[in-house]
Amino acid sequence: MDKSVNFNALKKKKKKKIFFTLFRNLALDSDLNLSQNPIDPETKDLYTRCNDGIVLCKLINFSVPKTIDERTINRGKNITIYQKLENLELALRSAEAIGCHVINIRPNDIRDEKEHLILGLLWQIIQIGLFSEINLTHHPGLVMLLKDGESKEDLLKLTKEELLLRWFNYHLARSAYSGREVKNFGNDIKDSVAYSHLLKQICPSNHRPMVTLAPLNENDLNRRAEAMLTEAEKLKARDFVTANDVVSGNQKLNMAFVANLFNTYPALDVPEDVTIQDEDIIEETREEKTYRNWMNSMGVNPYVNYLYTDLQDCLVIFQLYDMIKPGSVDWNRVVKKFVPIKIKFQKLDNCNYAVDIGKKVMNFKLVGIQGSNLLDGDKTFTLALVWQLMRAYTLAMLDKIAGQGHPIVENGIIEWTNNKLKSADKKTFINNFQDPVISDSRVICDLIDAIKPGSVQYDLLKTENTNEAKMENARYAVSIARKIGARVFALPEDIVEVKQKLVMTIFATLMIQDYQPPQVSLEQ
């Protein structure tokens with residue numbers, strides 16, 4: 001192999017390592033357990049510090065607050081290897097729950113400090129955190145980026161990269177910038193000219209010190225990039241890139257830099273003559289978020305940002321069908337690349353075929369659903385199909401690992417739950433997945449403790465019959481379930497409100513975990 005290629009790969013890995021380390025120091029600086037001993041970006045400290053799972057759990061909570069109940073994290077200077085692996089299991093299952101693709105990553109991979117896997121996982125977590133609030137809910141002013149003839153749904157169709165590029169160019173058009181439109185975060189920003197104008201444009205008029213265009217006086221690109229980053233420092237938004245990253249056109253790092261600029265100073269104030277109605281603000285429901293995160297955790301391509309636009313060509317749905325029931329899709333019938341003048345008809349063909357597979361191969365209940373409903377992004381019909389996909393996947397995994405020779409459905413899960421609880425001398429039981437007893441999470445904790453005795457600290461469970469107490473218990477139950485390896489995508493609110501569908505998935509994934517072959521700990 002060409003040695004120069006290896007050298008370039010090493011340089012790239014080093015830059016990524018420094019990037020993640022800088023973000024980690026920034027994100028976790030306020031945590032007293034870590035801020036006194038920051039990670040050294042010039043060593044392999046990053047990988048070593050990940051191997052007990054604590055830092056990963058902290059970073060996940062920084063990206064998506066309250067994902068992990070920190071009471072479930074094993075801490076202390078003398079935690080055992082087994083406890084570290086528990087933390088890593090908790091981190092991986094929680095990362096999966098927020099939409100990270102971690103199928104091929106195991107706790108031992110991180111404990112063994114496999115650099116490429118750790119870097120890949122960190123990038124996913126950081127990316128989710130950076131982009132989590134770049135939406136109409138948190139920034140209604142994004143409607144200012146709409147072009148003539150577009151609706152707010154058109155914004156939802158954009159990837160985060162496309163949305164950031166549109167924001168970038170929106171501000172350039174209102175500045176003294178006279179260059180070409182920025183179409184990527186690589187070649188188009190290497191000379192720092194567009195960056196310099198963007199920084200000056202988003203800087204508040206009363207901000208001191210003011211951002212200037214002084215970097216443009218530098219002819220050397222590296223010195224100009226460094227000067228531009230000095231201006232960014234005035235906005236406290238220099239993170240993620242070095243001057244060399246800018247000049248070399250590192251796509252990922254520059255996109256992270258721009259996302260951070262957006263999060264710091266979006267500068268999307270709505271003019272007085274423009275009124276934003278409540279219906280202009282589209283907020284993702286918990287159910288939609290759960291399904292979207294599940295799909296993304298499966299590694300579907302493209303990444304799903306918004307259910308009702310990103311599933312309109314059914315390519316993601318076909319991938320999920322094939323994962324649930326390999327061979328169920330005749331890929332020769334699927335249009336993967338669309339011709340502009342035929343795109344609507346080609347997508348409709350895909351949608352009709354997707355509905356056909358659902359009815360005839362997967363045996364889904366799709367009464368009244370037609371391909372045109374999926375193409376139109378009909379919420380009711382899309383959710384009906386997506387729920388049945390998630391249910392089918394969960395039950396397929398259960399059938400595979402239980403090996404009982406016949407399909408396991410809801411009644412079988414309830415029967416197993418009550419038998420498991422009884423065998424462990426637990427007093428709790430459920431009648432169905434709408435049973436009000438589920439709302440305080442005690443039956444879920446009892447089931448987890450029956451599967452893995454000693455895993456639940458019962459003194460942490462609240463006994464008050466209040467919504468706040470139930471939410472604390474639910475957060476604890478979800479994290480403990482993930483800590484023992486269950487792939488829980490449901491949210492604590494789903495337990496407290498006893499949402500039948502998603503509650504079923506919790507019990508099903510715990511049943512899957514119970515059927516897993518026992519693992520001998522490293523200590524044993």
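Rounding to the nearest 0.5 angstrom, the gap separating the SG atom in C445 from the OH atom in Y476 is 6.5 Å. With rounding to the nearest 0.5 Å, the separation of CD1 in I444 from CD1 in I495 is 4.0 Å. The distance from atom OG1 of T285 to atom NZ of K289, rounded to the nearest 0.5 Å, is 9.0 Å.
Y393 does not carry R391 over the face of its six-membered ring by the limits of under 6.0 Å from the centre and within 45° of the normal.
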task: Output, in order, the C-alpha distance, side-chain angles, deciding distance and verdict of salt bridge (charged side-chain N to carboxylate O under 4.0 Å, His left out) for R286 and E497.
output: CA-CA 12 Å; R286 293 200 315 268; E497 297 173 17; 2.9 Å; yes

Report task. Apply side chain to side chain contact (heavy atoms under 4.5 Å, CB included) to T428 and V437, showing your working. Result -> CA-CA 9 Å; T428 51; V437 73; 5.5 Å; no

Practice problem: Kindly indicate, with the supporting measurements, whether the criterion ring pair (Phe, Tyr, Trp, His ring centres under 6.0 Å) is fulfilled by Y291 and F489. | Solution: CA-CA 8 Å; Y291 295 153; F489 288 90; over 10 Å; no

Quick one: do E288 and Y308 satisfy side-chain hydrogen bond (donor to acceptor under 3.5 Å, both in side chains)? Show the steps, please.
CA-CA 9 Å; E288 292 164 355; Y308 309 110; 2.6 Å; yes

- request: Evaluate the side chain to side chain contact (heavy atoms under 4.5 Å, CB included) criterion for residues S479 and L90: first the C-alpha distance (whole Å), next the side-chain angles of each, then the deciding distance (0.1 Å), finally the verdict.
  value: CA-CA 7 Å; S479 288; L90 171 61; 4.2 Å; yes

_Please evaluate residues I73 and E70 with respect to the criterion side chain to side chain contact (heavy atoms under 4.5 Å, CB included), reporting the C-alpha separation (whole Å), side-chain torsions for both, the decisive distance (0.1 Å), and the verdict._
CA-CA 5 Å; I73 302 174; E70 296 195 7; 4.0 Å; yes

query = Could you go step by step and tell me if N254 and N250 meet the side-chain hydrogen bond (donor to acceptor under 3.5 Å, both in side chains) rule?
reply = CA-CA 6 Å; N254 279 288; N250 187 306; 5.5 Å; no

- Message: Before you tell me yes or no, could you show the steps for K114 and D109 under salt bridge (charged side-chain N to carboxylate O under 4.0 Å, His left out), namely the whole-Å CA-CA distance, both residues' side-chain angles and the distance that decides it to 0.1 Å?
- Response: CA-CA 6 Å; K114 293 185 179 178; D109 294 327; 3.0 Å; yes

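Of all heavy-atom pairs between P266 and H171, the closest is O-NE2, 3.1 Å. Smallest separation of non-hydrogen atoms from L375 and K344: CD2-O, 4.0 Å. When all heavy atoms are compared, the tightest approach of N305 to D310 is N-OD2, 2.5 Å.
With respect to E287 and K379, no salt bridge is recorded, no charged nitrogen being found less than 4.0 Å from a carboxylate O. Salt bridge K157/D154: present, at least one basic N to carboxylate O contact under 4.0 Å. A salt bridge links E96 with R487: the closest approach of a Lys/Arg side-chain nitrogen to an acidic carboxylate oxygen falls below 4.0 angstrom. Salt bridge annotation for E181-R166: absent, with no cationic side-chain nitrogen under 4.0 angstrom from a carboxylate oxygen.
Under the rule for a salt bridge (Lys or Arg N to Asp or Glu O under 4.0 Å), D349 has no partner lying at least two apart in sequence or in another chain. Take K190 and apply the side chain to side chain donor-acceptor pair (under 3.5 Å) test, not counting sequence neighbours, and it matches N187. Checked against side chain to side chain donor-acceptor pair (under 3.5 Å), N465 has the following partners two or more places apart in sequence or in another chain: K470.
Note on ring orientation: taking the six-membered ring where Trp is involved, the planes of W331 and F318 are perpendicular (angle over 60°, cut-offs 30° and 60°).
Put simply, the residue from F262, F185, Y195, F240 that forms a ring-ring contact (aromatic ring centres under 6.0 Å, His included) with F257 is Y195.
Between the side chain of N260 and the backbone N or O of T264, no donor-acceptor pair lies under 3.5 Å. For the pair D356 (side chain) and N352 (backbone), a donor-acceptor distance under 3.5 Å is absent.
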